[in-house]
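Read the structure below first, then the notes.
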Amino acid sequence: MITIYHNPRCRKSREGLALLEESGKTFEIVKYLEDLLSEEDLKTIISKLGINPIDLIRKNESVWKSDYKGKKLTDNQLIEAMVKHPKLIERPIVVNNDKAVIGRPKERILDII
């Protein structure tokens, strides 16, 4: 099953969703700002992405700059920050079974669907 972690207010996320719709494949949409992700959810996604938690963080978000930038944070603290402030999560994320990509650029989604 394909899942897109989507923020409807984000242009890049909308572009990723459109690409999935055009593919004709069946997929599920998770609006992660409404259906909040748990620490366990994020750990699973990060593992499938094959990245470190810091690589999933949007460093231009104001909450990052005001609360976290310049601090020495563990992976667990970074995950806790994303749970507390889901706007920090890079988007869109598309997961297909054991594979995942951050859809920036959107064409990366084609690699796993």
Side-chain angles (χ1 to χ4, degrees):
M1 175 58 131
I2 299 170
T3 303
I4 181 169
Y5 294 88
H6 176 58
N7 176 352
R9 300 183 83 180
C10 172
R11 181 176 57 86
K12 296 289 187 187
S13 196
R14 291 191 306 271
E15 289 174 1
L17 178 60
L19 188 116
L20 279 177
E21 290 170 341
E22 291 166 11
S23 77
K25 305 222 184 234
T26 303
F27 63 92
E28 171 187 26
I29 301 171
V30 175
K31 295 179 182 176
Y32 67 90
L33 294 179
E34 297 169 16
D35 300 322
L36 302 179
L37 300 175
S38 69
E39 286 183 33
E40 207 51 49
D41 294 332
L42 277 170
K43 287 178 182 177
T44 299
I45 290 167
I46 289 165
S47 174
K48 289 179 181 185
L49 286 166
I51 63 173
N52 294 312
I54 190 68
D55 299 322
L56 191 57
I57 291 189
R58 296 174 53 84
K59 294 163 196 78
N60 285 327
E61 289 293 334
S62 59
V63 69
W64 175 260
K65 291 177 181 178
S66 66
D67 294 4
Y68 301 102
K69 185 177 179 181
K71 294 182 180 178
K72 183 87 169 143
L73 301 169
T74 66
D75 286 351
N76 282 337
Q77 288 171 320
L78 292 167
I79 290 168
E80 288 169 12
M82 287 185 275
V83 168
K84 185 175 180 181
H85 305 284
K87 283 183 76 173
L88 289 175
I89 301 170
E90 193 62 78
R91 57 197 179 247
I93 301 166
V94 177
V95 176
N96 187 359
N97 296 315
D98 62 342
K99 299 176 190 169
V101 294
I102 298 170
R104 289 174 172 259
K106 67 182 180 211
E107 291 77 15
R108 293 186 71 207
I109 296 168
L110 298 172
D111 294 341
I112 66 164
I113 61 170

### Message
Count I, L, V, M, F, W, Y as connected when their side-chain heavy atoms are under 4.5 Å apart, and connections chain through other members. Are Leu17 and Val101 then in the same cluster?
### Response
yes
## Note on the structure
Scanning both residues in full, the closest heavy-atom pair of Leu20 with Ile2 reads CD2-CG2, 4.1 Å
### Query
Considering all heavy atoms of both residues, which atom of Ile45 and which atom of Leu37 are nearest to each other, and what is their separation?
CD1-CD1, 4.2 Å
### Message
Tell me the closest heavy-atom pair linking Ile57 and Met82, and the distance in Å.
### Response
CG1-SD, 3.8 Å
### Task
List the atom of Asn96, the atom of Ile112, and the distance in Å for their closest heavy-atom pair.
ND2-O, 2.6 Å
## Note on the structure
Taken to the nearest 0.5 Å, the spacing of Gln77 CD from Lys84 NZ works out to 12.0 Å
### Query
Quick check: are there more than 12 heavy atoms from other residues, nucleotides or ligands sitting under 6.0 Å from NZ of Lys59?
yes
### Task
Output the distance between atom NZ (Lys87) and atom SG (Cys10), rounded to the nearest 0.5 Å.
10.5 Å
### Task
For residues 13-25, pull every pair meeting side chain to side chain donor-acceptor pair (under 3.5 Å), keeping only residues two or more places apart or in separate chains.
His6-Ser13, Arg11-Glu15
#### Entry: Rounded distance (nearest 0.5 Å) linking atom CD1 of Ile46 with atom CG of Asn52
8.5 Å
#### Entry: Within one Ile-Leu-Val-Met-Phe-Trp-Tyr cluster: Val63 and Leu36, side-chain cutoff 4.5 Å
no
### hydrophobic_cluster_shared for Ile29 and Val95, side chain cutoff 4.5 Å
no
### Query
Can you list every pair that meets ring-ring contact (aromatic ring centres under 6.0 Å, His included) and has a residue in residues 29-64, with sequence neighbours left out?
Trp64-Tyr68
### Query
Taking Tyr5 as the fixed residue, which of Val94, Leu33, Ile93 is the one that meets the side-chain contact (heavy atoms from CB on, under 4.5 Å) rule?
Ile93
### Query
Can you check whether Ile89 reaches Leu56 side chain to side chain, under 4.5 Å on heavy atoms?
yes
### Message
Side chains of Ile113 and Phe27, heavy atoms from C-beta outward: is any pair under 4.5 Å?
### Response
no
### Task
Answer yes or no: is there a donor N or O on one side and an acceptor on the other, between the side chain of Arg108 and the main chain of Ile102, under 3.5 Å?
yes
### Query
Linking I/L/V/M/F/W/Y whenever their side-chain heavy atoms sit closer than 4.5 Å, directly or via other members, would Met1 and Ile4 fall into one cluster?
no
### Task
Flag yes if Val30 and Leu19 sit in one hydrophobic cluster, no otherwise; membership is Ile, Leu, Val, Met, Phe, Trp, Tyr, and two members link when side-chain heavy atoms are under 4.5 Å apart.
no
### Message
Looking at every non-hydrogen atom in both residues, tell me the closest pair between Leu78 and Pro53 and how far apart they are.
### Response
CB-CB, 4.0 Å
### Query
What salt bridge (Lys or Arg N to Asp or Glu O under 4.0 Å) pairs are there with at least one residue in residues 28-57, not counting sequence neighbours?
none
